[in-house]
Amino acid sequence: MSDLLVLMLIIALITIFSVRMHNNIIKKYNRMRQAWADVIVQVRQKELVIPKIEKIVNEHKEFESTVLTEITKMRSLASDLDKSPETVSPQTLKNYKDNFDTLFKSIKLTVENYPDLKSINLYRDLANQISKQEDNISAAIRIYNSNVAEFNTSIEEFPNNYINKTFTKKNPGQPFEHEQSSIDIGFTPTF
């Protein structure tokens, strides 16, 4: 009777130990997947900032186009005055002054009403946000790679490798590697 009890106790301990190892592998696998999802979230956050920058750039382009048109008109008016002083009549000068004043007020009004010449600051803020997002992406990739390494180690160690081959059947995770960075560094480890 006691031999049977000892045998049952050993089988129960092996079963409990195997289940714990299996669950540990699953936990590390899920951490690795969550870390990759975090990388994707950070990339998407960065992508949300890009349309805002595009909008600002387009607004600047519209603004600059309007201002350039007005300045071109002013230059054209001024070229009429480049003729010899004898050919410029008081009426021509008055027309020039009136048109110049109108165009200048238009430019001034455009600049004052332009939603964001302050947008240069907004642009800088958005550029800083992108920079911070890049930092967050880098941090998320480091966390992901760390989780991949931990998971891969857990399924390669004995007896976890046996449990993984028999029950869990998870493949090793693929770490994020940036080939261009490796080329730029000029060093490739020999593993």
Side-chain angles (χ1 to χ4, degrees), residues 1-63 115-191:
M1 180 74 152
S2 74
D3 288 340
L4 183 60
L5 188 60
V6 169
L7 182 61
M8 288 176 52
L9 185 60
I10 290 173
I11 290 174
L13 287 175
I14 290 173
T15 302
I16 290 170
F17 184 70
S18 296
V19 167
R20 286 187 52 95
M21 286 189 308
H22 169 76
N23 289 344
N24 193 31
I25 290 170
I26 295 297
K27 180 173 68 174
K28 289 178 182 183
Y29 177 76
N30 288 338
R31 279 188 192 155
M32 179 183 66
R33 289 182 54 210
Q34 179 60 48
W36 183 247
D38 290 345
V39 170
I40 300 304
V41 165
Q42 293 300 326
V43 169
R44 288 185 179 150
Q45 283 297 108
K46 183 184 84 171
E47 289 174 356
L48 292 176
V49 176
I50 292 172
K52 293 177 185 176
I53 288 178
E54 185 177 31
K55 181 181 175 194
I56 289 171
V57 167
N58 284 334
E59 286 175 355
H60 275 303
K61 190 166 55 174
E62 266 182 44
F63 168 74
D116 278 317
L117 272 183
K118 314 158 216 144
S119 70
I120 290 174
N121 291 333
L122 180 59
Y123 176 79
R124 275 191 211 118
D125 291 344
L126 291 172
N128 286 337
Q129 283 182 29
I130 287 179
S131 178
K132 287 177 186 174
Q133 290 297 334
E134 285 294 327
D135 291 344
N136 291 344
I137 291 167
S138 295
I141 288 171
R142 282 191 299 276
I143 291 169
Y144 167 74
N145 282 344
S146 174
N147 283 322
V148 167
E150 187 176 334
F151 171 74
N152 288 348
T153 300
S154 76
I155 65 172
E156 292 170 355
E157 292 177 327
F158 181 81
N160 288 356
N161 61 348
Y162 175 74
I163 297 297
N164 186 51
K165 285 179 187 173
T166 308
F167 302 110
T168 313
K169 299 181 181 176
K170 296 292 181 189
N171 294 321
Q174 179 67 39
F176 180 84
E177 296 172 347
H178 191 255
E179 290 179 25
Q180 186 59 43
S181 294
S182 296
I183 292 169
D184 291 346
I185 291 171
F187 173 76
T188 304
T190 55
F191 295 115

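Computed from a predicted model, the values in this text were never measured in an experiment. Along the sequence shown, residues carry numbers from 1.
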Applying side-chain hydrogen bond (donor to acceptor under 3.5 Å, both in side chains) as the test, list every pair that has at least one member in [range]; sequence neighbours left out.
range            : answer
residues 11-20   : none
residues 25-34   : Gln34-Asp38
residues 153-172 : His22-Thr168

- Item | Non-hydrogen atoms of Met21 and Ile163 that approach each other most closely | CE-CG1, 3.1 Å

- Message: Please give me the minimum heavy-atom distance between Ile25 and Phe151, naming the atom from each residue.
- Response: O-CE1, 3.7 Å

How long is the straight-line distance from [atom2] of [Y] back to [atom1] of [X], given to the nearest 0.5 Å?
X      : Y      : atom1 : atom2 : answer
Ile40  : Ile137 : CD1   : CD1   : 9.0 Å
Ile26  : Phe167 : CD1   : CZ    : 12.5 Å
Ile143 : Asn136 : CD1   : CG    : 9.5 Å

- Do Asn152 side-chain atoms and Gly173 backbone N/O form a donor-acceptor pair below 3.5 Å? yes

